[in-house]
Amino acid sequence: MPSPHAHLTPTHVTTYVDDHVFGTAARVGISDHVARHSVGIELEWLTSYRCADQRVSRPQIDALFADLGAMPGGSRLTMEPGGQIELSSARFDTLDGALTAMGTDLFVLDRACAQRRIELIALGADPAREPIRILDAPRYGAMEDYFDHDGPAGRSMMCNTASIQLNIGLGDAAIMADRWQLAHAMSPALIACFANSPFAHGAPSGWQSTRLRSWWTLDPSRAAPPDLTADPVSTWVDYALDARVMCIAHGDRYEAITTGLTFRRWVAEGHELGYPTLDDFAYHLTTLFPPVRPRGWFELRVFDALPTPFWQVAAAVTHALLVDPDAAAAARVAVAGTEHLWVDAAQLGLGHPALGLAATGLFEIALAALDRRAPEDEAVTDVVANYFDRWVARGRTPADDRLAAWRRDGTLVPPRESPVPYARSLVSEATP
């Protein structure tokens, strides 16, 4: 909550970012080593009730969550503003642990949704419905007011998109900056590999990832990737200070700020509601949505929602490339020249020649890294290889399959695909 007096300085901000964003001070009860090397997965789905054009209501989702209770794999269930459901895994030491727990919890969630005729739709963007917010929390009302001032993209992002988020530990201090750089450098090629949202308003949008079209249209001060010319702490401090203030929390209210006030100017000049505190800065960080967001870990937000087993592929490939030292070194070479093709990746997917070449290189490197891992990862390696053969090697994406189905019979929403428990073989699910 704002203060009547100015007392927050850039030094306070820098210390906070160093300790809590690129350090592990906020990870209470977790050792520094675990925090720096853990992995987590967040999966989102669009939802509908009975038919593809009917949104699920807030009471229906509340009842679903109440009936489910604690998930067996430890994941957390939350609802997004448009009725999207998000499943967030616990923190795990290994990728296999995260995949196994998430697969188990998804299976339980899917069975419960099927009993209630709630559909989990694994697409990155709603193919036809207008964006309607069903979650009436004050924060989301202020966000909607803020985004509406700039145009319709914000409301679409809030209510009509779904993604996969992969949370990778910062790594040891000696490699943290390199991991930060590599996560950004690989992201355009990863966007192209896993694009899965080619529709809007009932027809092709002209984008392989319509979800990311919404993000690229948002306020760039909070959604565009940062300039990486400085060290990570300095880069993120400048990014956060130069980002526009979305809203100011005071009491139980949130007031949208649509005047273009940056956090840096708020620190220097204040606002009629007061000057920012460190708590206001911490909240401000939660309103920043670049494609790679540091939060005491690196949160990669570049993947469209995908059905089982393809979300496992996105997680396995990215994790292998970032945490295996040999794979990381080779990946830097493979994506050279594509690091800034953010918009091209979302619009053209693997139809862009340079991105297609980079994607092939990344998958080959990731497969080699997965082969070096323990035998229990064999199922993951096989499903990654099948994804490569089915799409990447052919210069295609899941979005291309969705477009082909639409051209064939007008299908916008894929048929329901029940997730198989992770312990079973996934290879047959990935084979065309």
Side-chain angles (χ1 to χ4, degrees), residues 42-58 60-61 64 79-87 106-107 109-135 152-153 155-164 191 193-215 303-314 346-347 349 387 390-391 396-420 429-430 432:
E42 301 175 31
L43 303 179
E44 293 177 346
W45 297 269
L46 306 170
T47 59
S48 64
Y49 178 63
R50 292 179 179 265
C51 60
D53 61 353
Q54 185 171 344
R55 284 190 185 271
V56 178
S57 69
R58 167 75 183 273
Q60 286 174 312
I61 296 182
L64 170 70
M79 180 187 352
E80 295 298 307
Q84 307 98 313
I85 290 177
E86 180 175 75
L87 192 63
L106 173 53
F107 189 73
L109 172 63
D110 182 76
R111 298 279 72 74
C113 288
Q115 291 174 1
R116 293 160 178 79
R117 300 190 67 179
I118 295 173
E119 295 290 338
L120 298 176
I121 303 170
L123 287 174
D126 194 292
R129 295 178 297 188
E130 292 299 314
I132 297 175
R133 181 167 58 91
I134 69 167
L135 197 56
R155 192 173 293 220
S156 294
M157 177 275 292
M158 291 175 64
C159 302
N160 272 20
T161 63
S163 68
I164 300 164
I191 288 169
C193 289
F194 298 105
N196 188 38
S197 53
F199 304 118
H201 308 296
S205 66
W207 290 66
Q208 291 264 302
S209 177
T210 303
R211 178 184 72 90
L212 282 169
R213 181 183 68 173
S214 296
W215 285 102
F303 312 101
D304 283 356
L306 294 162
T308 299
F310 307 129
W311 59 266
Q312 285 102 324
V313 177
Q347 186 168 20
Y387 190 100
R390 177 172 177 169
W391 282 307
R396 292 176 59 82
T397 66
D400 288 310
D401 281 14
R402 301 278 20 106
L403 287 165
W406 176 81
R407 294 185 186 104
R408 185 171 58 248
D409 56 22
T411 298
L412 290 170
V413 177
R416 185 176 183 277
E417 299 181 40
S418 178
V420 295
E429 302 293 324

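Atoms considered below: every heavy atom in the structure, side chains included; atoms not considered: hydrogens, waters and symmetry mates.
- Residues Asp126 and Pro131 are not in side-chain contact: their nearest non-hydrogen atoms beyond the backbone lie 4.5 Å or more apart.
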Stepwise side chain to side chain contact (heavy atoms under 4.5 Å, CB included) test for Leu135 and Met79: CA-CA 8 Å; Leu135 197 56; Met79 180 187 352; 4.1 Å; yes

Expected list for residues 112-122: side-chain donor-acceptor pairs under 3.5 angstrom, two or more places apart:
residue : atom : partner : partner atom : Å
Arg116  : NH1  : Ala112  : O            : 2.9
Arg116  : NH2  : Asp67   : OD2          : 2.6

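- Heavy atoms only, all atoms of each residue included: Cys51 and Ser48 are closest at O-CB, 3.3 Å.
- Residue Ile61 comes nearest to Gly83 through the heavy atom pair CD1-O, 3.4 Å, listed as atom of the first residue, atom of the second, then distance.
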Step by step, would you call His201 with Glu130 a side chain to side chain contact (heavy atoms under 4.5 Å, CB included)? CA-CA 7 Å; His201 308 296; Glu130 292 299 314; 3.4 Å; yes

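- Without hydrogens or angle criteria, Ser205 side chain to Trp207 main chain gives a donor-acceptor distance under 3.5 Å.
- No side-chain heavy atom of Asp110 sits under 4.5 Å from any side-chain heavy atom of Trp45.
- Taking 4.5 Å as the limit, some side-chain heavy atom of Thr308 sits within range of a side-chain heavy atom of Gln312.
- Between the side chains of Gln84 and Asn160, no donor-acceptor pair is found at a separation under 3.5 Å.
- At distances below 3.5 Å, not a single donor-acceptor pair connects side-chain atoms of Arg133 with backbone N or O atoms of Cys159.
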Report the C-alpha distance between Asp400 and Gln208 in whole Å, list the side-chain angles of each, state the deciding distance to 0.1 Å, and finish with yes or no for side chain to side chain contact (heavy atoms under 4.5 Å, CB included). CA-CA 8 Å; Asp400 288 310; Gln208 291 264 302; 3.1 Å; yes

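- Rounded to the nearest 0.5 angstrom, Glu80 CD and Met158 CE are separated by 9.0 Å.
- Taking all atoms of both residues into account, the shortest heavy-atom contact from Arg55 to Ile132 is NH2-N, 3.5 Å.
- Summarising the geometry of Gly82 relative to Ile134, their closest heavy-atom pair is C-CG1, 4.0 Å, with the distance given to 0.1 Å.
- Residues Thr210 and Ser197 bring no donor and acceptor atom of their side chains to less than 3.5 Å of each other.
- A salt bridge links Asp401 to Arg396: one of the charged nitrogens lies within less than 4.0 Å of a carboxylate oxygen.
- In terms of heavy-atom proximity, Gly202 sits nearest to Trp406 at O-NE1, 4.2 Å.
- You'll find the side chain of Ile85 reaches within 4.5 Å of the side chain of Leu64, heavy atoms only.
- Ring orientation note: the planes of Phe194 and Phe303 are nearly perpendicular, at an angle over 60° on the 30°/60° scale.
- The shortest side-chain heavy-atom distance between Tyr49 and Ser57 does not fall under the 4.5 Å cut-off.
- Here the side chains of Phe310 and Trp391 are in contact, with some heavy-atom distance below 4.5 Å.
- Using a distance-only test at 3.5 Å, with no hydrogens or angles considered, a donor-acceptor pair links the side chain of Asn196 to the main chain of Ala305.
- Note on residues 198-211: pairs passing salt bridge (charged side-chain N to carboxylate O under 4.0 Å, His left out), not counting sequence neighbours, are Arg211-Asp304.
- For the residue pair Leu46 and Arg129, the shortest heavy atom distance occurs at CB-NH2, 4.5 Å.
- When side chains are defined from C-beta on, Glu44 does not count as touching Thr161, because their heavy atoms never get closer than 4.5 Å.
- Gln347 places none of its side-chain heavy atoms less than 4.5 Å from the side chain of Arg213.
- To the nearest 0.5 angstrom, Leu306 atom CG is 11.0 Å from Trp311 atom CH2.
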